[in-house]
Number of protein chains: 2
Amino acid sequence: MATSAVKKTARTAEDLMDNRSVYDPSSPNFRLENSPFYLMAHADFKYHEDMDIVLHKHGVSKPIYRVMTVLRERQPASIGAIAEAALTKRSTISRIIDRMVEQGLVTTEPNPEDNRITEVTLTPAGQQTLRKLTPIVGRQFSRAMDGVSDRDIAHLLRTLQKISANLSKLPIE
Amino acid sequence: MATSAVKKTARTAEDLMDNRSVYDPSSPNFRLENSPFYLMAHADFKYHEDMDIVLHKHGVSKPIYRVMTVLRERQPASIGAIAEAALTKRSTISRIIDRMVEQGLVTTEPNPEDNRITEVTLTPAGQQTLRKLTPIVGRQFSRAMDGVSDRDIAHLLRTLQKISANLSKLPIE
DNA sequence: TAGGTGTAGAAACATATGTTTTCGGCTAAT
DNA sequence: ATTAGCCGAAAACATATGTTTCTACACCTA
(Lines give C-alpha, C1' and ligand atoms only; values in the text may rest on other atoms or scores of the structure.)
Protein backbone atom coordinates (compact mmCIF):
# COMPACT_ATOMS: atom_id res chain seq x y z
CA MET A 1 0.00 0.00 0.00
CA ALA A 2 1.11 3.54 -0.69
CA THR A 3 0.49 5.12 2.67
CA SER A 4 2.41 3.44 5.45
CA ALA A 5 0.07 2.53 8.24
CA VAL A 6 0.35 4.59 11.42
CA LYS A 7 -1.44 3.30 14.45
CA LYS A 8 -2.13 6.54 16.22
CA THR A 9 -1.96 9.70 14.16
CA ALA A 10 -3.03 11.92 17.07
CA ARG A 11 -1.56 11.41 20.51
CA THR A 12 -2.85 13.07 23.60
CA ALA A 13 -0.89 15.81 25.30
CA GLU A 14 -0.28 13.38 28.14
CA ASP A 15 1.99 11.27 25.99
CA LEU A 16 4.27 14.18 25.33
CA MET A 17 5.40 15.04 28.81
CA ASP A 18 8.68 13.25 28.31
CA ASN A 19 8.89 13.44 24.54
CA ARG A 20 9.66 16.94 23.41
CA SER A 21 10.42 15.77 19.91
CA VAL A 22 6.78 15.35 19.05
CA TYR A 23 6.05 19.05 19.13
CA ASP A 24 9.41 20.35 18.02
CA PRO A 25 9.09 21.04 14.27
CA SER A 26 12.71 20.08 13.68
CA SER A 27 12.12 16.54 14.87
CA PRO A 28 11.15 13.68 12.57
CA ASN A 29 8.54 12.59 15.12
CA PHE A 30 6.85 15.95 14.85
CA ARG A 31 3.07 15.87 14.54
CA LEU A 32 1.15 18.87 13.30
CA GLU A 33 -1.70 18.22 15.71
CA ASN A 34 0.75 18.60 18.57
CA SER A 35 2.39 21.78 17.37
CA PRO A 36 1.66 24.76 19.61
CA PHE A 37 1.68 27.23 16.76
CA TYR A 38 -0.47 25.10 14.54
CA LEU A 39 -2.96 24.72 17.35
CA MET A 40 -2.94 28.46 17.98
CA ALA A 41 -3.64 29.13 14.32
CA HIS A 42 -6.32 26.48 14.36
CA ALA A 43 -8.03 27.81 17.47
CA ASP A 44 -7.85 31.38 16.20
CA PHE A 45 -9.22 30.29 12.83
CA LYS A 46 -12.16 28.42 14.28
CA TYR A 47 -12.84 31.17 16.79
CA HIS A 48 -13.23 33.77 14.07
CA GLU A 49 -14.73 31.51 11.45
CA ASP A 50 -18.22 31.31 12.84
CA MET A 51 -18.03 34.64 14.65
CA ASP A 52 -17.43 36.46 11.36
CA ILE A 53 -20.69 35.15 10.01
CA VAL A 54 -22.56 36.68 12.90
CA LEU A 55 -20.62 39.93 12.78
CA HIS A 56 -21.32 40.34 9.08
CA LYS A 57 -25.03 40.40 9.82
CA HIS A 58 -24.28 43.59 11.73
CA GLY A 59 -22.21 45.01 8.88
CA VAL A 60 -18.97 44.46 10.71
CA SER A 61 -16.07 42.59 9.14
CA LYS A 62 -13.31 40.91 11.10
CA PRO A 63 -10.72 43.66 10.54
CA ILE A 64 -13.28 46.31 11.43
CA TYR A 65 -14.08 44.52 14.63
CA ARG A 66 -10.41 44.31 15.45
CA VAL A 67 -10.00 48.03 15.00
CA MET A 68 -12.98 48.69 17.24
CA THR A 69 -11.50 46.46 19.90
CA VAL A 70 -8.29 48.42 19.79
CA LEU A 71 -10.12 51.74 19.94
CA ARG A 72 -12.14 50.64 22.95
CA GLU A 73 -8.94 50.60 24.94
CA ARG A 74 -7.26 53.80 23.89
CA GLN A 75 -9.01 56.56 22.16
CA PRO A 76 -8.20 58.50 20.10
CA ALA A 77 -5.52 56.48 18.36
CA SER A 78 -3.40 57.18 15.28
CA ILE A 79 -3.51 55.03 12.15
CA GLY A 80 -0.04 53.74 12.88
CA ALA A 81 -0.83 52.84 16.46
CA ILE A 82 -3.94 50.97 15.40
CA ALA A 83 -2.00 49.15 12.72
CA GLU A 84 0.60 47.98 15.18
CA ALA A 85 -1.94 46.83 17.73
CA ALA A 86 -4.05 45.10 15.09
CA LEU A 87 -1.06 43.32 13.54
CA THR A 88 -1.81 44.83 10.15
CA LYS A 89 -0.04 47.14 7.72
CA ARG A 90 -0.70 50.85 7.94
CA SER A 91 -2.06 51.09 4.40
CA THR A 92 -4.59 48.39 5.16
CA ILE A 93 -5.74 50.11 8.33
CA SER A 94 -5.92 53.39 6.47
CA ARG A 95 -8.46 51.91 4.08
CA ILE A 96 -10.39 50.14 6.79
CA ILE A 97 -10.75 53.44 8.59
CA ASP A 98 -12.11 54.95 5.36
CA ARG A 99 -14.87 52.36 5.30
CA MET A 100 -15.58 52.87 8.96
CA VAL A 101 -15.94 56.61 8.43
CA GLU A 102 -18.42 55.93 5.62
CA GLN A 103 -20.37 53.67 7.96
CA GLY A 104 -20.33 56.32 10.63
CA LEU A 105 -18.47 54.14 13.10
CA VAL A 106 -15.53 56.48 13.62
CA THR A 107 -14.44 60.03 12.97
CA THR A 108 -10.96 61.24 12.07
CA GLU A 109 -9.21 64.51 12.74
CA PRO A 110 -5.62 65.66 12.47
CA ASN A 111 -3.61 65.74 15.64
CA PRO A 112 -3.34 69.45 16.60
CA GLU A 113 0.26 69.02 17.74
CA ASP A 114 1.38 67.13 14.65
CA ASN A 115 -0.54 67.60 11.46
CA ARG A 116 0.81 64.40 9.91
CA ILE A 117 -1.00 62.24 12.41
CA THR A 118 -4.64 61.22 11.93
CA GLU A 119 -6.46 60.58 15.17
CA VAL A 120 -9.35 58.13 15.04
CA THR A 121 -12.25 58.14 17.48
CA LEU A 122 -15.31 55.94 17.84
CA THR A 123 -18.59 57.74 17.25
CA PRO A 124 -21.55 57.16 19.58
CA ALA A 125 -22.95 54.93 16.84
CA GLY A 126 -19.68 53.02 16.79
CA GLN A 127 -19.75 52.56 20.54
CA GLN A 128 -23.36 51.47 20.29
CA THR A 129 -22.48 48.87 17.67
CA LEU A 130 -19.62 47.65 19.81
CA ARG A 131 -21.94 47.26 22.79
CA LYS A 132 -24.36 45.30 20.65
CA LEU A 133 -21.60 42.96 19.50
CA THR A 134 -20.08 42.41 22.90
CA PRO A 135 -22.47 39.74 24.18
CA ILE A 136 -22.14 37.82 20.92
CA VAL A 137 -18.40 37.73 21.22
CA GLY A 138 -18.73 36.88 24.86
CA ARG A 139 -20.81 33.83 24.05
CA GLN A 140 -18.26 32.66 21.52
CA PHE A 141 -15.53 33.12 24.10
CA SER A 142 -17.46 31.10 26.63
CA ARG A 143 -18.04 28.42 24.05
CA ALA A 144 -14.32 28.23 23.35
CA MET A 145 -13.42 28.08 27.03
CA ASP A 146 -16.05 25.58 28.02
CA GLY A 147 -14.53 23.16 30.49
CA VAL A 148 -11.33 25.20 30.78
CA SER A 149 -10.82 26.35 34.35
CA ASP A 150 -9.80 29.86 35.34
CA ARG A 151 -6.52 28.43 36.54
CA ASP A 152 -5.93 26.89 33.13
CA ILE A 153 -6.74 30.15 31.40
CA ALA A 154 -4.38 32.03 33.65
CA HIS A 155 -1.70 29.47 32.89
CA LEU A 156 -2.42 29.78 29.18
CA LEU A 157 -2.08 33.56 29.35
CA ARG A 158 1.19 33.36 31.21
CA THR A 159 2.67 30.99 28.65
CA LEU A 160 1.41 32.94 25.66
CA GLN A 161 2.73 36.18 27.10
CA LYS A 162 6.08 34.55 27.65
CA ILE A 163 6.18 33.30 24.07
CA SER A 164 5.16 36.68 22.70
CA ALA A 165 7.85 38.35 24.75
CA ASN A 166 10.45 35.89 23.48
CA LEU A 167 9.51 36.55 19.89
CA SER A 168 9.61 40.30 20.33
CA LYS A 169 13.33 40.10 20.92
CA LEU A 170 15.77 40.23 18.03
CA PRO A 171 15.01 37.60 15.40
CA ILE A 172 17.10 34.66 14.25
CA GLU A 173 19.64 34.43 11.45
CA MET B 1 -12.56 63.50 32.08
CA ALA B 2 -13.59 61.37 29.16
CA THR B 3 -11.55 58.25 29.71
CA SER B 4 -11.78 56.97 33.24
CA ALA B 5 -8.31 56.57 34.66
CA VAL B 6 -7.06 53.02 35.04
CA LYS B 7 -4.02 52.58 37.21
CA LYS B 8 -2.51 49.58 35.49
CA THR B 9 -3.30 49.04 31.84
CA ALA B 10 -1.36 45.78 31.68
CA ARG B 11 -1.71 43.36 34.55
CA THR B 12 0.26 40.22 34.95
CA ALA B 13 -1.41 36.87 34.51
CA GLU B 14 -1.04 36.36 38.23
CA ASP B 15 -3.59 39.06 38.96
CA LEU B 16 -6.22 37.34 36.92
CA MET B 17 -6.59 34.14 38.84
CA ASP B 18 -9.66 35.45 40.60
CA ASN B 19 -10.76 38.00 38.04
CA ARG B 20 -12.12 36.37 34.95
CA SER B 21 -13.57 39.62 33.67
CA VAL B 22 -10.21 40.90 32.51
CA TYR B 23 -9.88 38.36 29.74
CA ASP B 24 -13.54 37.91 28.91
CA PRO B 25 -14.19 40.13 25.88
CA SER B 26 -17.72 40.85 27.03
CA SER B 27 -16.50 42.51 30.20
CA PRO B 28 -15.80 46.25 30.47
CA ASN B 29 -12.57 45.44 32.29
CA PHE B 30 -11.36 43.49 29.31
CA ARG B 31 -7.79 44.18 28.25
CA LEU B 32 -6.53 43.16 24.85
CA GLU B 33 -3.13 42.20 26.23
CA ASN B 34 -4.86 39.64 28.44
CA SER B 35 -7.04 38.13 25.76
CA PRO B 36 -6.11 34.54 24.92
CA PHE B 37 -7.09 34.84 21.30
CA TYR B 38 -5.33 38.13 20.82
CA LEU B 39 -2.21 36.64 22.35
CA MET B 40 -2.47 33.59 20.11
CA ALA B 41 -2.74 35.80 17.04
CA HIS B 42 0.13 37.90 18.31
CA ALA B 43 2.40 34.93 18.99
CA ASP B 44 1.54 33.33 15.67
CA PHE B 45 2.15 36.61 13.87
CA LYS B 46 5.54 37.19 15.42
CA TYR B 47 6.50 33.56 14.97
CA HIS B 48 5.95 33.73 11.23
CA GLU B 49 7.00 37.33 10.73
CA ASP B 50 10.72 36.85 10.94
CA MET B 51 10.65 33.23 9.82
CA ASP B 52 9.08 34.23 6.51
CA ILE B 53 12.01 36.44 5.73
CA VAL B 54 14.39 33.52 6.08
CA LEU B 55 12.14 31.15 4.18
CA HIS B 56 11.86 33.56 1.27
CA LYS B 57 15.61 33.39 0.82
CA HIS B 58 15.04 29.73 0.02
CA GLY B 59 12.22 30.51 -2.40
CA VAL B 60 9.57 29.27 -0.01
CA SER B 61 6.59 31.39 0.97
CA LYS B 62 4.58 30.90 4.13
CA PRO B 63 1.68 29.09 2.45
CA ILE B 64 4.10 26.88 0.53
CA TYR B 65 5.84 25.96 3.74
CA ARG B 66 2.52 25.14 5.32
CA VAL B 67 1.64 22.81 2.49
CA MET B 68 4.99 21.09 2.78
CA THR B 69 4.45 20.62 6.48
CA VAL B 70 1.13 18.97 5.80
CA LEU B 71 2.62 16.75 3.13
CA ARG B 72 5.40 15.61 5.39
CA GLU B 73 2.81 13.89 7.54
CA ARG B 74 0.61 12.20 5.00
CA GLN B 75 1.61 11.66 1.47
CA PRO B 76 0.13 11.69 -1.05
CA ALA B 77 -2.68 14.05 -0.11
CA SER B 78 -5.54 15.51 -2.12
CA ILE B 79 -5.99 19.24 -2.73
CA GLY B 80 -9.03 19.28 -0.49
CA ALA B 81 -7.30 17.45 2.34
CA ILE B 82 -4.36 19.84 2.19
CA ALA B 83 -6.71 22.82 2.17
CA GLU B 84 -8.50 21.62 5.25
CA ALA B 85 -5.32 20.87 7.15
CA ALA B 86 -3.74 24.17 6.11
CA LEU B 87 -6.82 26.20 7.08
CA THR B 88 -7.08 27.62 3.58
CA LYS B 89 -9.63 27.54 0.79
CA ARG B 90 -9.35 24.87 -1.87
CA SER B 91 -8.94 27.35 -4.70
CA THR B 92 -6.02 28.95 -2.93
CA ILE B 93 -4.30 25.63 -2.34
CA SER B 94 -4.95 24.67 -5.94
CA ARG B 95 -2.96 27.67 -7.12
CA ILE B 96 -0.24 27.18 -4.55
CA ILE B 97 0.21 23.62 -5.77
CA ASP B 98 0.55 24.98 -9.32
CA ARG B 99 3.46 27.15 -8.21
CA MET B 100 5.01 24.27 -6.32
CA VAL B 101 4.84 22.07 -9.39
CA GLU B 102 6.62 24.79 -11.38
CA GLN B 103 9.29 24.95 -8.72
CA GLY B 104 9.64 21.19 -8.81
CA LEU B 105 8.71 20.79 -5.16
CA VAL B 106 5.77 18.47 -5.74
CA THR B 107 4.19 16.30 -8.41
CA THR B 108 0.50 15.73 -9.01
CA GLU B 109 -1.37 12.76 -10.42
CA PRO B 110 -5.00 11.77 -10.53
CA ASN B 111 -6.13 9.25 -7.96
CA PRO B 112 -6.58 5.96 -9.84
CA GLU B 113 -9.67 5.07 -7.84
CA ASP B 114 -11.35 8.45 -8.22
CA ASN B 115 -10.44 10.57 -11.19
CA ARG B 116 -11.75 13.76 -9.64
CA ILE B 117 -9.11 13.71 -6.96
CA THR B 118 -5.64 15.13 -7.50
CA GLU B 119 -2.99 13.51 -5.35
CA VAL B 120 0.00 15.65 -4.44
CA THR B 121 3.40 14.24 -3.54
CA LEU B 122 6.67 15.86 -2.51
CA THR B 123 9.50 15.34 -4.98
CA PRO B 124 12.98 14.42 -3.75
CA ALA B 125 13.87 18.09 -4.33
CA GLY B 126 10.88 19.09 -2.20
CA GLN B 127 11.94 16.78 0.58
CA GLN B 128 15.47 18.09 0.31
CA THR B 129 14.21 21.67 0.63
CA LEU B 130 12.12 20.70 3.61
CA ARG B 131 15.12 19.11 5.29
CA LYS B 132 17.13 22.25 4.68
CA LEU B 133 14.42 24.38 6.24
CA THR B 134 13.83 22.18 9.24
CA PRO B 135 16.72 23.39 11.42
CA ILE B 136 15.81 27.01 10.73
CA VAL B 137 12.27 26.45 11.88
CA GLY B 138 13.58 24.47 14.81
CA ARG B 139 15.69 27.39 15.95
CA GLN B 140 12.73 29.74 15.74
CA PHE B 141 10.68 27.29 17.76
CA SER B 142 13.37 27.10 20.40
CA ARG B 143 13.58 30.86 20.49
CA ALA B 144 9.84 31.09 21.04
CA MET B 145 9.87 28.50 23.78
CA ASP B 146 12.91 29.80 25.58
CA GLY B 147 12.30 29.55 29.30
CA VAL B 148 9.07 27.60 28.84
CA SER B 149 9.32 24.20 30.49
CA ASP B 150 8.20 20.96 28.88
CA ARG B 151 5.47 20.75 31.49
CA ASP B 152 4.24 24.20 30.50
CA ILE B 153 4.28 23.26 26.83
CA ALA B 154 2.34 20.09 27.55
CA HIS B 155 -0.16 22.13 29.52
CA LEU B 156 -0.40 24.63 26.68
CA LEU B 157 -1.06 21.86 24.20
CA ARG B 158 -3.76 20.35 26.34
CA THR B 159 -5.55 23.66 26.71
CA LEU B 160 -5.26 24.55 23.03
CA GLN B 161 -6.51 21.14 22.01
CA LYS B 162 -9.45 21.53 24.35
CA ILE B 163 -10.28 24.94 22.90
CA SER B 164 -9.98 23.68 19.33
CA ALA B 165 -12.24 20.77 20.15
CA ASN B 166 -14.81 23.10 21.71
CA LEU B 167 -14.84 25.31 18.64
CA SER B 168 -15.23 22.36 16.31
CA LYS B 169 -18.65 21.69 17.75
CA LEU B 170 -21.71 23.39 16.34
CA PRO B 171 -21.34 27.18 16.29
CA ILE B 172 -23.30 29.83 18.15
CA GLU B 173 -26.45 31.73 17.13
C1' DT C 1 -29.02 2.05 -17.92
C1' DA C 2 -30.43 6.89 -17.48
C1' DG C 3 -30.89 10.71 -14.72
C1' DG C 4 -30.35 13.27 -10.50
C1' DT C 5 -27.30 14.69 -6.84
C1' DG C 6 -23.03 15.61 -4.71
C1' DT C 7 -18.07 16.24 -4.87
C1' DA C 8 -13.16 17.69 -6.50
C1' DG C 9 -10.77 20.78 -8.72
C1' DA C 10 -9.99 24.63 -12.00
C1' DA C 11 -11.36 29.02 -14.16
C1' DA C 12 -13.42 33.48 -13.90
C1' DC C 13 -14.45 37.11 -11.17
C1' DA C 14 -14.32 40.20 -7.14
C1' DT C 15 -12.11 41.75 -3.01
C1' DA C 16 -8.55 42.48 0.31
C1' DT C 17 -4.00 42.84 1.60
C1' DG C 18 0.76 44.06 1.02
C1' DT C 19 4.61 46.96 -1.40
C1' DT C 20 6.18 51.02 -3.39
C1' DT C 21 5.80 55.70 -4.42
C1' DT C 22 4.27 60.28 -3.47
C1' DC C 23 2.99 64.20 -0.70
C1' DG C 24 2.89 67.08 3.11
C1' DG C 25 4.55 68.39 7.45
C1' DC C 26 7.93 68.15 11.31
C1' DT C 27 12.85 68.70 12.99
C1' DA C 28 17.44 69.55 13.22
C1' DA C 29 21.81 71.19 11.28
C1' DT C 30 24.16 74.62 8.89
C1' DA D 1 16.16 81.17 7.32
C1' DT D 2 16.98 77.31 4.27
C1' DT D 3 17.56 72.82 3.29
C1' DA D 4 18.12 67.89 3.98
C1' DG D 5 16.25 64.08 6.09
C1' DC D 6 12.67 61.70 8.50
C1' DC D 7 8.03 60.31 9.45
C1' DG D 8 2.87 59.60 8.99
C1' DA D 9 -0.57 58.85 5.90
C1' DA D 10 -2.64 58.19 1.38
C1' DA D 11 -2.46 56.92 -3.60
C1' DA D 12 -0.89 53.88 -7.13
C1' DC D 13 0.47 49.55 -8.19
C1' DA D 14 1.08 44.52 -7.71
C1' DT D 15 -0.12 40.28 -5.53
C1' DA D 16 -2.80 36.99 -3.01
C1' DT D 17 -6.85 35.33 -1.22
C1' DG D 18 -11.68 34.35 -1.21
C1' DT D 19 -16.32 33.62 -3.80
C1' DT D 20 -18.80 32.01 -7.54
C1' DT D 21 -19.34 29.44 -11.52
C1' DC D 22 -18.32 25.59 -14.47
C1' DT D 23 -16.88 20.95 -15.85
C1' DA D 24 -15.94 16.27 -15.13
C1' DC D 25 -16.59 12.43 -12.55
C1' DA D 26 -18.60 9.24 -9.01
C1' DC D 27 -22.47 7.34 -6.80
C1' DC D 28 -27.06 6.42 -5.90
C1' DT D 29 -31.69 5.38 -7.23
C1' DA D 30 -35.43 4.45 -10.14
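All chains are named by letter (A, B, ...) in the order of the sequence lines, taking the proteins before the strands, and each is independently numbered beginning at 1. As the structure is a prediction and not an experimental result, all values here were calculated from the model.
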Applying side-chain contact (heavy atoms from CB on, under 4.5 Å), name anything that partners B:Ala83, two or more places apart in sequence or on another chain.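 Counting only residues at least two positions away or on another chain, B:Ala83 forms a side-chain contact (heavy atoms from CB on, under 4.5 Å) with B:Arg90, B:Ile93.
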So if you build clusters from Ile, Leu, Val, Met, Phe, Trp, Tyr with side-chain heavy-atom gaps below 4.5 Å, do B:Leu39 and A:Leu156 land together?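 B:Leu39 clusters together with A:Leu156.
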Rounded distance in Å - [atom1] ([X]) to [atom2] ([N]):
X: A:His56; N: C:dT15; atom1: NE2; atom2: C1'; result: 11 Å
X: B:Glu113; N: D:dC25; atom1: CD; atom2: P; result: 17 Å
X: A:Asn111; N: D:dC7; atom1: CG; atom2: P; result: 17 Å
X: B:Asp52; N: C:dT17; atom1: CG; atom2: C1'; result: 14 Å
X: B:Ile79; N: C:dA11; atom1: CD1; atom2: C1'; result: 14 Å
X: A:His48; N: D:dG18; atom1: NE2; atom2: P; result: 15 Å
X: A:Lys62; N: D:dT17; atom1: NZ; atom2: C1'; result: 11 Å
X: A:Phe45; N: D:dG18; atom1: CZ; atom2: C1'; result: 11 Å

Close residues, residues 83-100 of chain A, relative to DNA chain C [heavy-atom separation under 4.0 Å]: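 Of all residues in residues 83-100 of chain A, the ones placing a heavy atom under 4.0 Å from DNA chain C are A:Thr88, A:Lys89, A:Ser91, A:Thr92, A:Arg95, A:Arg99.
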Not counting sequence neighbours, which residues clear ring pair (Phe, Tyr, Trp, His ring centres under 6.0 Å) with B:Tyr47? List them please.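 Expected list: A:Phe37.
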Sequence-distant partners of A:Tyr65, ring pair (Phe, Tyr, Trp, His ring centres under 6.0 Å), two or more places apart: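 Applying ring pair (Phe, Tyr, Trp, His ring centres under 6.0 Å) to A:Tyr65 gives none.
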Just the table, please: protein N/O against nucleotides 22-25 of chain C N/O, every pair under 3.5 Å.
{"residue": "C:dG25", "atom": "N2", "partner": "A:Arg116", "partner atom": "NH1", "Å": "3.1"}

Can you list, by chain and residue number, the hydrophobic cluster partners of B:Phe45 when the side-chain cut-off is 4.5 Å?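 Answer for B:Phe45: A:Leu87.
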For the OG atom of B:Ser168 and the NE2 atom of A:His42, what is their distance to the nearest 0.5 Å?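 Here the rounded value is 5.0 Å.
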Would you confirm whether B:Glu109, through its side chain, and B:Thr118, through its main-chain N or O, come within 3.5 Å as a donor-acceptor pair?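 Looks like no, no N/O pair under 3.5 Å.
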Please check if the number of heavy atoms outside B:Arg131 that lie under 6.0 Å from its CZ is greater than 12.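 Yes - once you tally the heavy atoms of other residues, nucleotides and ligands closer than 6.0 Å, there are more than 12.
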Crowded around B:Glu84 CD? As in, over 12 foreign heavy atoms under 6.0 Å?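 At most 12 heavy atoms, drawn from other residues, nucleotides or ligands, come within 6.0 Å of this atom.
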